[in-house]
Amino acid sequence: MVISPKILVFDHEDRMVEFMVRKWEEIGKKAIAEKGYFTVALSGGKTPVRFYQKLAGWDGRPFWHRTHLFLVDERFLSFDDQDSNYGMLRETLFEKIPIPGGNIHPIPAEKGSLEISAEEYERDLKMFFKLSKGQHPVFDLILLGVGEEGHTASLFPGSEALSERIHSVAAFRLDESRHHRITLTLPVINHGEHVIFFVRGKNKAPILRKIINREDLSLPASMVQPKSGNLLFLIDREASSQLSL
Ligand code: 6PG
């Protein structure tokens, strides 16, 4: 059954970011009320930076110690590298909020090998979410972006990682410019309670049209079909310019 996503279009990035902070608070409050903690998987890239900066200023004091932040994907680089997702999140958010260090779960991309890092991250997920064999973590919130060619997380078109159904984490080598990658797999993303795409800019209008209109189901972003969770697209006017809404 194909679920139709909810789509919200914003004229200004500030409004989009403010909405996302309120959404974060709403989802977080409910998760903490229901089970005592809130789990989020965060994407890298440029689009969510303003949101992370805004979130850093949010007075979430009662929540941060009950919030656990994971990464959707990572480039296999030093955290000090300018292309590191953890490095960007550390600078824009993690260093600015009163969250216990143990509540931040980086993908250990500085360890020995790509495969060891992926295994360690999968172990962290299994332990934290108390998973039995074959189970995948269920995040309260997963924040995703979209690449111009339809990738999301570090799941690229035609990638073998797209067919991974057993492991929650996949690792693979890309070309030098895109770095080697470690990523959550589709089963994890599609188990998310709230999966939110954050898309801005005219350059994303063509791919967004293909995703929303389901023109090409082989696109990784088109394969995001939460089993029981909500799917929401937060987009700006430019990115929506090829949609007939
Ligand atoms: C990454 C991200 C990736 C990102 C898209 C969009 O590590 O690059 O997780 O999936 O969300 O590439 O990136 P922009 O927001 O920079 O366009």
Side-chain angles (χ1 to χ4, degrees), residues 5 10 13 16-17 20 40-55 69-94 105-110 114 117-118 121 139 141-159 161-162 164 168-186 188-190 192 194-212 219-224 231-241:
F10 296 84
E13 184 180 17
M16 190 167 164
V17 161
M20 189 55 220
V40 191
L42 299 170
S43 274
K46 297 177 187 61
T47 305
V49 167
R50 284 286 312 283
F51 163 62
Y52 296 143
Q53 290 168 335
K54 185 82 176 175
L55 189 64
L69 302 177
F70 293 78
L71 272 76
V72 165
D73 66 333
E74 185 58 280
R75 298 88 180 274
F76 192 65
L77 298 163
S78 155
F79 289 157
D80 296 325
D81 189 293
Q82 62 170 13
D83 288 342
S84 162
N85 286 341
Y86 178 80
M88 178 273 287
L89 279 158
R90 180 176 57 188
E91 188 185 325
T92 56
L93 180 61
F94 296 163
H105 303 260
I107 297 175
E110 296 187 315
L114 195 62
S117 293
Y121 194 50
F139 282 97
L141 174 59
I142 300 178
L143 193 55
L144 297 174
V146 180
E148 290 186 40
E149 87 294 39
H151 85 259
T152 190
S154 281
L155 298 166
F156 290 84
S159 163
L162 285 169
E164 178 57 61
S168 299
V169 181
F172 52 94
R173 286 165 174 73
L174 277 174
D175 50 58
E176 212 46 46
S177 63
R178 291 185 299 175
H179 312 300
H180 301 330
R181 301 287 185 118
I182 296 164
T183 185
L184 293 180
T185 54
L186 272 174
V188 179
I189 294 172
N190 285 330
H194 297 271
V195 180
I196 299 182
F197 277 100
F198 214 61
V199 191
R200 290 183 56 244
K202 199 160 197 61
N203 61 316
K204 301 288 177 77
I207 197 65
L208 200 58
R209 188 202 73 244
K210 288 181 182 170
I211 296 163
I212 299 297
L219 294 172
S222 296
M223 297 178 176
V224 174
L231 180 59
L232 172 62
F233 280 79
L234 302 182
I235 60 182
D236 71 355
R237 191 62 66 189
E238 285 191 328
S240 72
S241 55

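We count ligands from 1, going down the list as the structure has it; atoms in each ligand are counted the same way.
At least one heavy atom of N85 sits under 4.0 Å from some atom of ligand 1. Residue R181 places a heavy atom less than 4.0 Å from ligand 1. Heavy atoms of R75 approach ligand 1 to within less than 4.0 angstrom.
With ring centers used as reference points, H105 lies under 6.0 Å from F70.
Looking from atom 10 (O) of ligand 1 to the surrounding protein, the closest heavy atom is A153 O, 2.6 Å. Closest to atom 12 (O) of ligand 1, if we only count protein heavy atoms, is H151 NE2, 2.7 Å. Scanning all protein heavy atoms for the shortest distance to atom 2 (C) of ligand 1 gives D73 OD2, 3.6 Å. When hydrogens are left out, the protein atom nearest atom 13 (O) of ligand 1 is G45 CA, 3.9 Å; that is the closest non-hydrogen contact. Residue, atom and distance of the protein heavy atom nearest to atom 15 (O) of ligand 1 are T47 OG1, 2.6 Å.
Here R90 pairs with D80 in a salt bridge; the nearest charged N to carboxylate O distance falls below 4.0 Å. Looking at E13 and R200, a side-chain N of the basic residue comes within less than 4.0 Å of a carboxylate O on the acidic one, giving a salt bridge.
Rounded to the nearest 0.5 Å, atoms CZ (F172) and CG (L114) are 9.0 Å apart.
With respect to L155, the side-chain contact (heavy atoms from CB on, under 4.5 Å) criterion is satisfied by exactly one of L144, L162, L219: L162.
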Original post:
Under the side chain to side chain donor-acceptor pair (under 3.5 Å) criterion, do D73 and T183 qualify, and how do the steps go?
Top reply: CA-CA 4 Å; D73 66 333; T183 185; 5.0 Å; no
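An N or O contact shorter than 3.5 Å is missing between V146 and ligand 1 by distance. Residue-to-ligand polar distances place K204 within reach of ligand 1: an N/O pair is separated by less than 3.5 Å.
Less than 4.0 angstrom separates some heavy atom of K46 from each of these atoms of ligand 1: 14 (P), 15 (O), 16 (O). Listed by number with element, the atoms of ligand 1 under 4.0 Å from a non-hydrogen atom of G145 are 11 (O).
Using the six-membered ring where Trp is involved, Y86 and F79 have ring planes that are tilted, between 30° and 60° apart.
Minimum heavy-atom separation, V195 to I189: CG2-O, 3.5 Å.
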